[in-house]
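First up is the structure itself, then whatever we jot down about it.
Per chain, numbering begins at 1; letters A, B, ... match sequence-line order. Computed from heavy atoms alone, side chains included, the values below leave out hydrogens, waters and symmetry copies.
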There are 2 protein chains.
Amino acid sequence: MVTDSRTRLVEAAQQLFAQQGVSATSPRDVLAASGVGQGSLYHHFPTKHDLALAAVAATAAETLEAARGRLQGDAAPLDRVVAYLERPRDALGGCRVGRLTADQAVVDDDGLRAEVAGYFTGLIDEVAAVLRETGLDADAALDRARACVAIIQGGYVLARATQDPELLRSAVRGFVALLTGPATA
Amino acid sequence: MVTDSRTRLVEAAQQLFAQQGVSATSPRDVLAASGVGQGSLYHHFPTKHDLALAAVAATAAETLEAARGRLQGDAAPLDRVVAYLERPRDALGGCRVGRLTADQAVVDDDGLRAEVAGYFTGLIDEVAAVLRETGLDADAALDRARACVAIIQGGYVLARATQDPELLRSAVRGFVALLTGPATA
DNA sequence: GTCTATACGAGGATAGAC
DNA sequence: GTCTATCCTCGTATAGAC
């Protein structure tokens with residue numbers, strides 16, 4: 001079955017948003033990338049905002065699902081968190097969701113921001129739940145889970161700023177050393 | 001002495017870049033904010049790029065200087081790092097320098113990116129130097145310094161995504177607890 | 001549902017007078 | 001050095017036929 005126009009539009013938008021952000025991506029860009037015609041776009045999505053919402057929601061959902069898969073497994077809780085932190089990432093590309101927070105138009109839009117916020121709170125909750133399995137109390141687990149998620153987002157920033165993927169890995173290494181304690185240092 | 005046009009243009013650009021990013025700020029925005037006329041802008045800065053370079057360089061230099069001030073003091077090394085991490089920040093506004101890394105136009109421009117990269121490498125070096133004072137070896141200090149800088153950048157991302165400054169503070173708290181060890185936990 | 005054609009303001013810059 | 005006027009392209013749609 002040939003993918004329908006609507007799906008092609010959303011997938012093209014997701015890709016372009018990941019590369020250039022939402023504001024920097026024009027409906028014309030999406031048309032060109034998807035190979036769909038002008039009329040189709042505005043038939044399925046009356047405004048750019050409608051398309052953006054569909055694309056951002058899809059990306060947030062996919063990304064959160066992938067993370068959940070990694071965090072739920074048979075390994076020891078702390079090992080799962082470390083595996084999540086150390087997983088290979090497209091450091092120079094940045095986080096497909098996190099990067100959107102620098103786009104003021106996204107943050108100012110309640111619908112778009114809700115998708116981004118949902119991704120992060122979902123991810124933090126998941127990490128916090130795993131950390132509680134290690135015996136950490138709820139408050140400490142929440143702070144630590146937020147630190148885990150933040151270290152990845154910050155690592156992306158450093159890697160992009162310097163155009164060097166090593167800075168993400170190095171920041172994670174520094175964090176993991178603290179997280180796993182002197183035993184592993 | 002009345003501030004001259006050139007200075008007013010750069011300062012207006014710095015402010016607008018901090019609020020909206022570089023790509024999202026038009027020369028017209030800068031004109032309106034500075035109160036300077038069209039001709040003056042293009043007299044001092046032949047292109048938007050020239051203005052952007054001046055403004056980003058100024059912001060990076062100011063921000064790095066401020067951080068250096070905090071990290072060099074009489075307190076114990078680790079206390080200075082913790083004080084740097086816990087300093088009050090405009091969490092919802094984001095880092096004036098770090099946010100620029102999500103702007104593809106900035107990352108793709110060698111001149112602009114060099115300013116941003118210089119800020120981060122300078123900051124990391126500074127933090128790493130302080131950490132070495134604690135007796136940490138050079139490699140571990142570098143990883144840990146990068147983690148310190150990343151946690152702040154990531155905290156900004158979480159705070160902006162959720163529109164809740166507490167997420168930056170919470171991530172820092174989680175990280176500082178690890179950094180200062182079980183003694184303080 | 002999809003296409004082509006058209007509209008209109010904003011972004012980025014140039015021209016030329018003062 | 002600064003001002004006003006003008007230019008051209010792109011972003012974001014709308015109109016109306018097929």
Side-chain angles (χ1 to χ4, degrees), chain A residues 1-56 99-100 102-112, chain B residues 1-57 99-100 102-113:
Chain A
M1 160 199 175
V2 177
T3 318
D4 67 4
S5 291
R6 195 194 151 92
T7 306
R8 304 222 325 264
L9 286 164
V10 171
E11 287 176 354
Q14 285 185 262
Q15 254 205 312
L16 289 166
F17 288 176
Q19 289 162 23
Q20 326 175 345
V22 175
S23 294
T25 300
S26 70
R28 295 230 253 247
D29 290 339
V30 178
L31 287 177
S34 64
V36 164
Q38 182 93 341
S40 294
L41 200 179
Y42 287 97
H43 172 72
H44 293 292
F45 302 101
T47 70
K48 174 181 172 177
H49 179 252
D50 297 304
L51 173 59
L53 207 48
V56 170
R99 263 183 70 193
L100 302 178
D103 190 333
Q104 198 60 38
V106 170
V107 171
D108 287 345
D109 180 292
D110 284 345
L112 291 176
Chain B
M1 159 201 175
V2 176
T3 318
D4 67 4
S5 291
R6 197 194 149 91
T7 306
R8 305 224 321 266
L9 286 164
V10 171
E11 287 176 352
Q14 286 185 262
Q15 254 204 312
L16 288 166
F17 288 176
Q19 289 162 23
Q20 325 176 352
V22 175
S23 293
T25 300
S26 69
R28 297 230 250 254
D29 290 339
V30 177
L31 287 177
S34 65
V36 164
Q38 182 93 339
S40 293
L41 200 179
Y42 285 97
H43 172 72
H44 293 292
F45 301 101
T47 69
K48 175 182 171 176
H49 178 251
D50 297 303
L51 172 59
L53 207 49
V56 169
R99 261 183 71 193
L100 301 179
D103 189 332
Q104 198 60 37
V106 170
V107 171
D108 287 346
D109 180 292
D110 284 345
L112 291 175
R113 200 187 50 74

OP1, OP2 of [N] versus side-chain N and O of [X]: anything below 4.0 Å?
X     : N      : answer
B:S5  : D:dG1  : no
A:T47 : D:dA13 : no
B:H44 : D:dT2  : yes
A:H49 : D:dT12 : no

So CD of A:Q15 and OG of A:S34: to nearest 0.5 Å the spacing works out to 11.0 Å
Do [X] and [Y] make a side-chain contact, defined as non-hydrogen atoms from C-beta onward lying under 4.5 Å apart?
X     : Y     : answer
A:R99 : A:F17 : no
B:D29 : B:Q20 : yes
A:V56 : A:V22 : yes

What is the distance, rounded to the nearest whole Å, between atom [atom1] of [X] and atom [atom2] of [N]?
X     : N      : atom1 : atom2 : result
B:Q38 : D:dT6  : CD    : P     : 13 Å
B:D50 : C:dG12 : CG    : P     : 14 Å
A:Y42 : C:dA5  : OH    : C1'   : 15 Å
A:F45 : D:dT14 : CZ    : P     : 16 Å
A:D29 : D:dG11 : CG    : P     : 6 Å
B:H43 : C:dA17 : NE2   : P     : 18 Å
A:K48 : D:dC10 : NZ    : P     : 16 Å
B:L41 : C:dT14 : CG    : C1'   : 13 Å

Flag if over 12 foreign heavy atoms under 6.0 Å of CD, B:Q19 = yes
For A:G39 and for A:S26, locate the closest nucleotide of DNA chain D by heavy-atom distance; then report the residue assigned to the nucleotide nearer the 5' terminus.
-> A:S26
Nearest-nucleotide check on DNA chain C, A:S40 vs A:R28; residue mapping nearer the 5' end is A:S40
Indicate, with a heavy-atom threshold strictly under 4.0 Å, whether A:S23 touches base, sugar-phosphate, or nothing.
->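 No contact.
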